[in-house]
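Note sheet for the following structure.
No experiment lies behind these values; they were computed from the predicted model shown.
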Amino acid sequence: MATIEERYQHLEKTIRGYNISADFKQIRAAFEYAREHHGSQLRRDGTPYITHPLNVAQIIAEMRLDSESIIASLLHDCIEDTDSTYDDIAKKFGVTVADIVDGVTKLTRVHYTTMEEEQMENLRKMLFAMSKDIRVILIKIADRLHNMRTMEYQTPEKQRKKAFETMEIYAPIAHRLGMQKIKWELEDLSLKYLDPVGYEEITSALAKRSSEHQAFMDRVQEEIVAKLDELKIENTVYGRIKHPYSIYRKMYAQDKTIDEVYDLFAFRVLVNTVADCYNVLGVIHDLYKPVIGRFKDYIATPKPNMYQSLHTTVIGDEGIPFEVQIRTYDMHAIAEYGVAAHWKYKQGAQREDKEHTYEWIRRLLENQEDADAEDFIHNLKVDMFSDEVFVFTPRGDVTNLPAGATPIDFAYSVHSAVGNSMVGAKVNGRMVGFDYQLRNGDIVEILTSKNAKGPSRDWMTIAKSSEARSKIRQWFKKERRDENIANGRSAFEAELRHAGIPMSKAVAPEVLEKVLKPTNFNTLDDLYAAIGYGGYTAQKAVHRVREEVAAQSRAERAAAEAARQAAEKEQQKAEEQKAERKSRTKSEKGIIVEGLDNCLVKFAKCCTPVPGDDIVGFITRGYGVSVHRTDCPNASPERQKEEPGRWIRVSWGSDIRESYVTSLEVVCKDRSNLLVDISTALSTSKVGVAGLNVHTTSDGFAIFDLSINVTDRAQLDAVVTKLHNISSVIKVTRSVG
């Protein structure tokens with residue numbers, strides 16, 4: 001097994017093979033920094049943890065990415081798994097590298113109610129960072145690829161969980177970015193753990209027939225090469241067996257055994273020019289019989305992920321069908337590595353126009369802005385991971401939509417105003433219904449009218465893309481609020497009756513608050529309106545109500561028992577404190593109370609003091625000493641004069657606790673991804689979040705009430721400074737009074 005230094009030297013050798021001017025000094029420094037900070041950490045297989053960043057960097061180097069990408073991949077786990085911080089990395093390796101590392105880092109320090117919420121916020125953060133710098137997702141995919149390659153050392157439960165997540169999220173993202181080679185490997189590795197029996201069946205069957213398959217591919221390859229050489233067309237031809245997951249899908253979809261799957265083979269023909277591609281297509285159709293309906297021209301109409309190639313399926317002399325893909329060498333590089341093939345590593349090179357390249361990512365985030373966790377994940381799969389259909393505008397522009405899309409989806413993809421004023425549609429010059437499913441190559445024309453009444457509610461079920469549904473919801477949300485509230489209330493009450501829950505219990509303040517908070521609705525009318533315009537379902541709302549009513553019942557029973565036990569303990573404690581009161585020399589919870597010993601100390605919730613604050617104590621009736629900040633309105637000089645005998649001097653002791661809860665109010669101008677930025681600021685400050693509440697105002701402001709754990713005033717001041725530096729944050733104040 002290669003040593004760590006030998007692996008690093010191999011990495012440098014790979015980089016020199018495509019970028020001799022790379023910043024090897026900084027790359028070496030990043031390697032040493034990561035090795036030092038990961039220290040004695042080990043992976044599940046017992047190897048030093050640094051082997052993982054090295055392997056991720058190797059995958060990134062094989063994508064031929066720039067120095068910053070290599071450095072960030074070496075450092076990608078430092079913020080998440082070591083004591084390294086964003087500021088440390090920014091200082092040593094630059095802000096760009098720190099931003100990439102931070103984008104790859106999960107939101108591990110934020111508490112979420114459900115796993116779906118955690119997955120949604122991590123995905124949202126990753127996509128947001130990806131929209132700014134595509135290298136974030138390239139490193140994340142490389143990270144997942146190496147983890148999947150070494151998944152045999154994990155528990156069976158984690159193997160299945162990570163394999164499912166890879167198949168659901170990372171393989172489709174790789175496909176969306178055109179990274180076919182990595183997509184195939186991710187799919188095959190995932191199948192190995194999701195259906196080990198099926199995977200073994202396919203790989204064993206392929207292994208048994210490998211010599212027979214190789215003889216067939218060699219024979220076809222020789223025939224194609226001989227004909228192209230005869231015509232003096234420079235070429236590279238090779239064949240391959242389709243990868244196991246591709247075969248598995250065909251077996252599952254068509255209910256076939258592997259012996260019944262005939263089109264196992266695919267051949268690639270690489271040539272110099274586009275003209276050669278079309279010449280080769282003619283040659284292939286002369287040599288073999290083409291299968292009708294199985295030709296696709298992705299050169300004239302590239303896929304959104306930049307993929308270009310000619311595809312044709314033909315039948316050889318033995319009656320065996322096989323696919324032939326014809327492309328130029330440049331197209332082949334893009335087909336293998338997608339967007340990574342476009343990343344220029346040379347210093348000073350002009351990169352592509354990011355606005356155009358990443359527009360689809362930002363549009364994806366905007367469409368999911370108001371979605372809850374379950375809808376976000378579902379819509380993400382539809383928009384980003386489903387098969388696509390390519391249609392044309394009357395002017396010949398290509399538009400890609402999810403498979404099964406309708407004229408409604410097409411209209412809203414043009415503009416929301418076009419969709420809202422739509423009265424009809426023509427496909428290939430003929431009138432069609434709104435529920436017509438578009439096919440590849442259709443020419444779509446949308447008929448509009450100034451007198452249109454706007455979208456119909458049933459369009460929500462007809463539309464397939466979340467972009468269209470989001471814009472329809474926005475129209476109803478804006479235009480028909482009163483009607484939405486009435487319809488939503490009716491649906492909500494009907495669902496409550498079906499569930500057997502009284503309305504009085506559903507709208508009780510303690511239940512309603514817990515139901516509204518996770519959904520970002522401020523009032524019950526907002527919830528009704530969302531149900532009315534289709535932004536939320538009555539079933540989902542009532543499900544939350546049912547869970548909360550049950551939780552409240554359990555909590556009430558537990559609270560009654562706890563209150564009885566607490567009363568007995570408090571009575572006993574008060575008697576002990578009264579009997580043992582004397583001069584106090586040691587601290588309680590880090591607080592020294594002058595003149596008292598062994599008394600109960602609590603921190604006032606109105607001002608939440610932390611070490612470093614000036615403080616004063618107030619003797620409560622039966623609950624010990626309440627500690628206030630001296631600038632708290634409840635501890636003002638006027639209040640102290642009213643009851644002078646109950647105010648007492650207190651000070652911070654030397655044995656303060658590890659952390660104290662304090663509260664902040666952050667006033668911001670509302671905008672997209674504000675919560676992500678605030679969560680990231682708190683995460684990089686290494687403070688725990690005890691509570692977070694946000695509400696928006698009608699004039700466009702967002703007010704965050706934060707409860708955070710800090711060690712002292714100095715750390716709190718640092719957090720306040722970091723929050724002030726966030727764009728659109730207007731004011732950060734501590735809660736008092």
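No donor-acceptor pair under 3.5 Å is formed between the side chain of Arg144 and the backbone N or O of Tyr170. Counting only distance, with no hydrogens or angles, the side chain of Asp435 and the backbone of Ile462 share no donor-acceptor pair below 3.5 Å. With Ser465 contributing its side chain and Ala468 its backbone, the two residues share a donor-acceptor pair below 3.5 Å. Under a 3.5 Å cut-off, the side chain of Ser490 and the backbone N or O of Asn487 do not form any donor-acceptor pair. Not one N or O on the side chain of Arg160 forms a donor-acceptor pair closer than 3.5 Å with the backbone of Tyr193. A donor-acceptor pair under 3.5 Å is formed between the side chain of Asn147 and the backbone N or O of Asp143. Under a 3.5 Å cut-off, the side chain of Ser449 and the backbone N or O of Asn451 do form a donor-acceptor pair. A donor-acceptor distance shorter than 3.5 angstrom exists from the side chain of Asp195 to the backbone of Gly198, with no hydrogens or angles considered. Side chain of Ser683 to backbone of Thr680: no donor-acceptor contact under 3.5 angstrom is found. Without hydrogens or angle criteria, Gln159 side chain to Met151 main chain gives a donor-acceptor distance under 3.5 Å.
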Exercise for review: Dump the intermediate steps for side-chain contact (heavy atoms from CB on, under 4.5 Å) on Ile730 and Phe701, then the final yes or no.
Suggested key: CA-CA 10 Å; Ile730 299 170; Phe701 288 86; 3.2 Å; yes
Check your understanding: What do the steps show when you test Ile678 against Cys668 for side-chain contact (heavy atoms from CB on, under 4.5 Å), and what is the final call?
Key -> CA-CA 11 Å; Ile678 288 178; Cys668 319; 4.3 Å; yes
Practice item. Start with the C-alpha gap between Phe492 and Tyr528, add the side-chain angles, then the distance that decides, and say whether ring-ring contact (aromatic ring centres under 6.0 Å, His included) holds. Key: CA-CA 7 Å; Phe492 181 70; Tyr528 289 156; 5.8 Å; yes
Practice item. Evaluate the criterion side-chain contact (heavy atoms from CB on, under 4.5 Å) for residue pair Leu706 and Leu723; output intermediate values, then yes/no. Key: CA-CA 11 Å; Leu706 304 176; Leu723 291 171; 4.2 Å; yes
Point to revise | Worked check of side-chain contact (heavy atoms from CB on, under 4.5 Å) between Arg544 and Leu527 | key: CA-CA 12 Å; Arg544 288 186 182 274; Leu527 174 62; over 6 Å; no
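Between Lys471 and Asp409 there is no salt bridge, since none of the side-chain N atoms of the basic residue sits less than 4.0 Å from a carboxylate O of the acidic one. Taking the charged nitrogens against the carboxylate oxygens, Arg564 and Glu568 do have a contact shorter than 4.0 Å, which makes a salt bridge. Using a 4.0 Å cut-off between charged nitrogen and carboxylate oxygen, Arg489 and Glu493 count as a salt-bridge pair. With respect to the salt-bridge test (charged N to carboxylate O, under 4.0 angstrom), the residues Glu187 and Arg249 do not qualify.
Distance check, rounded to the nearest 0.5 Å: OG of Ser663 to CG of Asn693 gives 11.5 Å. Distance CZ/Phe704 to CG/Leu664: 12.5 Å, rounded to 0.5 Å. With values rounded to the nearest 0.5 angstrom, Asp188 atom CG is found 9.0 Å from Ser246 atom OG. Interatomic distance, Lys722 NZ to Leu682 CG, rounded to the nearest 0.5 Å: 9.5 Å. Remark: Lys162 NZ to Lys158 NZ distance equals 5.5 Å, nearest 0.5 Å. Atoms CG and CD1, from Asp526 and Ile531 in turn, are 11.5 Å apart once rounded to the nearest 0.5 Å.
A donor atom on one side chain and an acceptor atom on the other are found under 3.5 Å apart for Thr662 and Thr608.
A 4.5 Å side-chain heavy-atom check between Asp99 and Val136 finds every atom pair outside the cut-off. The shortest distance between side-chain heavy atoms of Leu447 and Met422 does not fall below 4.5 Å. Put simply, the side chain of Val427 reaches to within 4.5 Å of the side chain of Leu438, judged on heavy atoms. No side-chain heavy atom of Asn709 sits under 4.5 Å from any side-chain heavy atom of Val687. Using a 4.5 Å heavy-atom threshold, the side chains of Asp458 and Phe434 count as separate.
For His543, the NE2 atom is loosely surrounded, since the number of other residues' heavy atoms within 6.0 Å does not exceed 12. Residue Lys669 places its NZ atom among more than 12 non-hydrogen atoms of other residues, nucleotides or ligands, all under 6.0 Å distant.
For Tyr248 and Tyr199, the distance between ring centers is not under 6.0 angstrom.
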